[in-house]
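Every heavy atom of this structure was used, including side-chain atoms; hydrogens, water molecules and symmetry mates were not. First the proteins, then the strands, lettered A, B, ... as listed; each starts at 1. Given the structure is predicted, the values throughout are model-derived calculations rather than measurements.
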Amino acid sequence: MTDSRFTSVRTRYAPSPTGPQHIGGLRSALFGWLYARRHGGQFILRIEDTDQKRSVPGSIDMIEKAFAWLNMDIDEGPRQGGAYGPYIQSERLELYQTWAKRLVEAGHAYKCFATPAELKEMRAAGRGYDRRYRETGEAQAAELEAQGKPYVIRFKMPLEGKTAGDDMIRGRVEFANAQLQDAVLLKSDGFPTYHLAHIVDDHHMRITHITRAVEWLPSFPLHLRIWQALGWPLPQFAHLPVLLNPNGKGKLSKRKQQFSQAGQSVPVLAHEFIEARYLPEAVMNFLSNIGWNFGDNREVFSMHEAMERFDLRDVNPANSAYPIAKLDWLNGQYIQSAGAKRLASLLKPILLEARYPVDERLLLQVIPILRARLKKLDDVIPMAGFFFADWADFQAPPADILIQRKMDSQQTAKLLEGAIPVLAELEDFSAGSQHRAMSRFAKAASLKNGQVFGSLRAAVTGQRVSPPTFETMEILGRDESLRRIRLALESLAEHATESG
RNA sequence: GGCCCCUUCGUCUAGCGGCCUAGGAUGCCACCCUUUCAAGGUGGAGACACGGGUUCGAGUCCCGUAGGGGCUACCA
């Protein structure tokens, strides 16, 4: 067992730069990151771009942007450098070639000259590669090489017996060697495969705990044998469960837009979370609750708190359906507990983008009555956009918004007309004062509070749903509130003419 | 097909042989609060996949079955 007092824990996230950063990868990264932080160790980002065909330009930027947004700090990586770089595999080709060569010299690997056509044939025949070059002598191999025949380097997997390894999450796992193939270590283009590259790098980068998705479990024995052949001390392994689609069917995919909740598509890519304006700390909290739990029946916690108790050994081995509905709830929790200033700075760009000029003092006034009503920051527009639009442009809502339950246009007009002088003569225009006055007014007019308050709400906000009416009027001020009520009266009059 | 991993409320999870007539969260429903919508409060419906063992005792250990996921590339 690794003792953090003596050995610095070093974990890494090693994605392939194949496009936008996926939330599943971020969750795997999160677990490695938390573990490193828990033990005061280092977290490394390494780019595994050994498949040139699949490399997508700009991927590294997207990955780094996602980490920065989530506030997952990276100790060593392509951008921050470090003592064990370079951190991009395509820049370390010589290293892999050296070790592949040594493996061949030591008899643990061999050159294989099988052509793609031959391989295809073997695969079609049922079995995989039949190890036809495993016993080819050095002399013959040299001859083929001299003829310019392309070759790969394959690992000599033991033909019989078993290979067992320990996984921090699932315990001991055992595999029959005969089941494994002689995997390719070095491709004919001189690039290594994942199997060779990650081991060479994890060793040279002093990685102590390899955290990776469960899909690597079947090749775990192969890797164990390669480590052994190289003669390097084994790190610990944790094969992490993966995220499944929300319906539990299949691995969470990038573009399954059919999985939507309440008509909205489910965010899967890092930039989608950013664009949807989720709070990064909510996303981190959300991710850490899948496959791991804080304990004490607590669902809401900071990463700082999580760092104090995270352990890879506590990770649930089962895959999880992507519980995206919980994210909205968590996001709402974080919005509610966010400081007014922070919320203001978060909301401001959203309002500006929607072309509402932002008066910061007004925004700060609105936040207390708005905060609990936001699940997502974007909700500010439909809920409270009217506060920030130019008041001079305010349009009275149509009659059907103004008229409350069990009322008609005439009664509504009468109600609003009657309310105007009461509000106008109020000594104190505070919400409380308005509330008391309007309650008395409703009673005197034999109306329900809801009918009076609702009509006023619609008149003043133009909406059926809004922050509390009187608080809203207090912020708008008496003059503006009364002006809007009069505008509503005009709208009602037009309605009466049209239908009369 | 072969091999590997997994299996508690719809979903995320607690549970590491007796504390479980299975706890929390989310979602859903109801009620309370209430001027709308939220938030908040209270309550409700809702799970140990199945079958065998082991044990005085099993959600917890073992085996099998079923279901799910993955691997089986000169992709990672």
Open item on the list: Between A:Q404 (side chain only) and A:L402 (backbone N and O only), is there a donor and an acceptor less than 3.5 Å apart?
Closed with: yes

TODO: Could you give the distance separating B:C61 and B:A45 at their P atoms, to the nearest angstrom?
DONE: 29 Å

Open item on the list: Can you say whether a donor on the side chain of A:R373 sits under 3.5 Å from an acceptor on the base of B:C37, or the other way round?
Closed with: yes

Open item on the list: Looking at the base of B:U35, is there any donor atom on it, or on the side chain of A:R457, that sits under 3.5 Å from an acceptor on the other one?
Closed with: yes

TODO: Taking atom CD of A:E121 as the centre, report whether more than 12 heavy atoms of other residues, nucleotides or ligands fall under 6.0 Å from it.
DONE: no

- [ ] Could you encode protein contacts along nucleotides 69-76 of chain B as a string, one character per nucleotide from 5' to 3', using B for base contact, S for sugar-phosphate-only contact and - for no contact, with a heavy-atom cut-off of under 4.0 Å?
- [x] SBSSSBBB

TODO: Pull out every residue in residues 363-371 of chain A that has a heavy atom closer than 4.0 Å to any atom of RNA chain B, ordered by number, or say none.
DONE: none

TODO: Sort and list the pairs that fulfil ring pair (Phe, Tyr, Trp, His ring centres under 6.0 Å) and have at least one residue in residues 178-203 of chain A, not counting sequence neighbours.
DONE: A:Y194-A:H198, A:Y194-A:W216, A:Y194-A:H223, A:H195-A:H223, A:H198-A:H223, A:H203-A:W232

Could you write out each protein N or O paired with an N or O of nucleotides 59-63 of chain B at a distance under 3.5 Å?
none

TODO: Figure out the CE/C1' separation between A:M438 and B:U36, and round it to whole Å.
DONE: 17 Å

Any N/O pairs under 3.5 Å between the protein and nucleotides 41-43 of chain B? List them or say none.
none

TODO: State which residues pass side-chain hydrogen bond (donor to acceptor under 3.5 Å, both in side chains) with A:S430; sequence neighbours excluded, sorted by chain then number.
DONE: A:D428

Open item on the list: Applying a 4.0 Å non-hydrogen cut-off, can you work out what A:E299 is touching in the nucleic acid: base, sugar-phosphate, or nothing?
Closed with: base

Open item on the list: Does A:Q404 reach a base, just sugar-phosphate, or nothing at all? Heavy atoms under 4.0 Å.
Closed with: nothing

Open item on the list: On the nucleotide B:A38, are OP1 or OP2 found under 4.0 Å from the side-chain N or O atoms that A:Q333 carries?
Closed with: no

Open item on the list: Any base atoms under 4.0 Å from A:G295, or only sugar-phosphate, or nothing? Heavy atoms, all strands.
Closed with: nothing

